[in-house]
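Here the structure is laid out as structure tokens; the discussion comes afterwards.
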Amino acid sequence: MVLSILNTEQPVSLIAEVALLSPPFVTLSYSLPKVFVPEFWKVGQRVVLPLGSGVRIGVLLALKPQTEITNNSQTKDIVLKDLIWSLDKKSFFSESYLRVLIQLSHRLFLPIGQILASVLPIGLRSNQLKLCVFNGQKPKKYTLKELRFFDEETYRKLAELWASGQGGIIERNINTLENELCELCVDPPWAVRPSAKRQIALLELLWENGALNRKIIQDKLGAEANESLKRLSELGFVKVRPAQGEEAEADEIQKIWEKVPLNEEVSAFELTNAQQEVVDKLKDSLDTHQRSSHLLHGITGSGKTVVYLELLKHCLAQGRSVILLAPEVALAIKLKNDLQKRFPQQKIILSHGYQTPTLRESIFRQVSEAQEALVIIGTRSSLFLPLKNPGLIILDEEHDASFKQDEGLVYQAKELAYAIVQEYNAMLLLGSATPDIKSFQATKQGRLTLHSLPERVGGGTLPQVELVDIRHLTPTDGILAKPSQEALLETINKGEQAVILLNRRGYAPLIYCMQCSEPIKCPHCDIALTYHKARERVVCHYCGYNYAFPAPCPTCKSLNFVPFGEGTEKLEESLSGILPPDVKILRLDRDNARRAGRMEEILAAFARKEAQVLVGTQMLSKGHHFPDVTLAIVADADLGLNLPDYRATERSFQLFVQSAGRAGRGSKAGKVLIQTRNLNHYCWDYVKSTDFSGFFEVELQKRKRMKYPPFTNLALIRLSFPVEWKEGYKAMELFAEIYKKEAETLDVAVLGPAPAPLSMLRGRRRYNCLLKAQNWQHIRRIFQVGLQSNPFKDKIRMHLDLDPVNMM
DNA sequence: AGCACGCCGACT
DNA sequence: GTCGGCGTGCTC
Ligand SMILES: [Zn+2]
Ligand SMILES: [Zn+2]
């Protein structure tokens, strides 16, 4: 079919720029093998290339006329090698997609190859891939390395077979029979030879029965079917994927939600006037096909999700894809389930960072090959899926810090989403009940368009917020003050539910040794160990260090300990003492929701009213709605308010308002109790009246006065060195000099380096250097200078955190 | 990451 | 004298 990709006589004069997908991740120039016509090579293909004496995989970034290269003095003397092969006949990445990632690579100071490699599941960039061709009957496999050293004639022969569809690239070696599900990818008629009876029989079988595993296929068609199957899968008619493994598991997790009815905000078919107005405006904006960015500020229970749904439908109808991002996996799963219930026909792809490589590979491939518009729901890593035509990106709970967090690639979901939207002329929609102050500020400056949903669906009122003074509480009193206990009992007696938020997991956050007069600390971090009762261990929440407890004090060997403070585990235990014995209490935190699906089980059980009280960490305050919850208690509000962070108040405000959102929906009135020792804090007036704009105004004034974002750009250079390296302290002074000197010429305020609040972590001393500047480039510049003039590269690690999520 | 090249110790 | 340890450095 594709014989036209083979070259006959044309001279090949283009040069390929290829980004390597394995170290050294550089972008190198290659000439093109004359066996293929120049038009065969397309930007975005994954290509096989020679490097040194081996072979690698890279992505073709550009094709340039030879003259451009030869005029460059750097590359003039290098004799270019030919590319070897392509893994794709068509382009795998679109030029738009590559442009977005190249932009990201500039921002992160990383080579584009490294970005592409971290984005591509391993199976799609593995050096172990093989070329499989059929010459006559028997299939033959060649490793990529073998391809490099074939003589001209064999190479051309293979290229001919491959070009005519007599072979393909084997993406992965697949496991055993039952575990492999075969799925038809193409509707009839199928382009196979009419004489290929077995292949046709197999295609028919799958057409009739849907997806089948290989065991069943073998039983029905005999062992000979294997050969046909292999062939068909290499031709792309049939896809073989793991049957049980992760997909089955993911489905199981989805099923947990099935018995839980949709919330009224999501299930409503009639839009409220406010919703309709917002939807109309945003639809109009989508219709223009112009890039645009919006902030949807809808109070808790105002039905933001329905607005998303309407826009999603509209965007799909335009033939453009939609990405809907949630701040964490559990929310994405829930959201997917809710949406699927509303649109049973629509295929919705769930994508998040906890999926296994195999599943991620299959999703990546599916997205890259899709011709139709797709709906993707996931966490921030979903932004890297190679969608052809994204039209709408929604970030739900846009204020959430997890959109900024940095594991692996340090990118900010909001910025990346913005870049994508710019590239594709799409729409960015940020949604929250408690927007980030920066987003709010951006609406004032016209960079975001503000839309509001000021009322709850069904006219429900916002809950009443009350402060509970806990200054008088002694350690023996437990963590809940009398008014909180009474309110809790009252709620339960009415047959309603309550949630209690305590942002501290474990049993006791501090174990005090009476002999040493010191808490037990982690030997690697400057942090007290937390006691986990069920695990019978003390644990460092920062590095994971732990040992069985009780055990003699590591310093004095005494066994005289007093636990201090209360975590969720203890709270759950002490609640059962306070509440009537028949009251069921559930707990939700990272410790008991570790197993896949466990979190969903707990949330679903609570939603089904199998318990009256749910105790949890902040994962509980994020977006989950329980209609019968009428009381929310924030057990220790000061935990967040007292953090050494300029955003402590903003974060706390968001937490309080979100928690308030858990209480009371529809007809039932809700109540929120906030326990604090800080009764005079300026935020309470605004929390009590849920006066967002009032709070934002005051907070903005404060930020302006203190020269904090959004009125300046703030960054942290994080420096660390091994504790045992005593010269480190001196070296920090050296860096103070370097930064100060460099900052003189640029308009950057430098503070430090000074010991970080978390002064030791994993055996390394930590220092922070705070930078403030109007221009990000200047901040980057100072960091670069420090990086280059680091005389102790093996000892000192440094890392630039732009707009840090935490200052610790 | 590979893979060569290279420079030392302990084996036939 | 040769085999093989893995330290350093390069790859269009
Ligand atoms: Zn530790
Ligand atoms: Zn002690």
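What you see is a predicted model, and the numbers here were worked out from it, not measured in a lab.
The number of heavy-atom neighbours closer than 6.0 Å to OH of A/Tyr729, taken from other residues, nucleotides and ligands shown, is above 12.
Among the heavy atoms of the strands lying under 4.0 Å from A/Ser53 are primed sugar atoms or P, OP1, OP2 only; no base atom is included.
When rounded to the nearest whole Å, the span between CD1 of A/Ile57 and C1' of B/dA1 equals 13 Å. Across the protein-nucleic acid pair, A/Gln128 atom CD and B/dG2 atom P stand 8 Å apart, rounded to whole Å. Taking atom CD on A/Gln66 and atom P on C/dC12, their separation rounds to 17 Å, with Å as the unit. Spacing between atom CG of A/Leu21 and atom C1' of B/dG2 amounts to 15 Å, rounded to whole angstrom units. Rounded to an integer number of Å, the gap from A/Leu60 CG to C/dC12 C1' is 13 Å. One atom, CZ of A/Arg125, and another, P of B/dG2, lie 12 Å apart when rounded to the nearest Å. One atom, CZ of A/Arg148, and another, P of B/dC3, lie 11 Å apart when rounded to the nearest Å.
No hydrogens or angles considered: nothing links the side chains of A/Ser86 and A/Asp88 as a donor-acceptor pair under 3.5 Å.
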Protein N or O to nucleotides 5-11 of chain C N or O, pairs below 3.5 Å:
residue: C/dT11; atom: O3'; partner: A/Gly52; partner atom: N; Å: 3.1

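Taking 4.0 angstrom as the limit, A/Lys145 places a side-chain polar atom (N or O) nearer than this to OP1 or OP2 of B/dC3.
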TODO: Evaluate the ring-ring contact (aromatic ring centres under 6.0 Å, His included) criterion for residues A/Phe150 and A/Tyr142: first the C-alpha distance (whole Å), next the side-chain angles of each, then the deciding distance (0.1 Å), finally the verdict.
DONE: CA-CA 10 Å; A/Phe150 281 132; A/Tyr142 303 98; 5.3 Å; yes
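Using cut-offs of 30° and 60° on the angle between ring planes, the pair A/Phe735 and A/Tyr739 is tilted.
Shown here are the ring pair (Phe, Tyr, Trp, His ring centres under 6.0 Å) partners of A/Tyr97, two or more places apart in sequence or in another chain: A/Phe93.
Side chains of A/Cys769 and A/Val750 form a contact here, defined as non-hydrogen atoms less than 4.5 Å apart.
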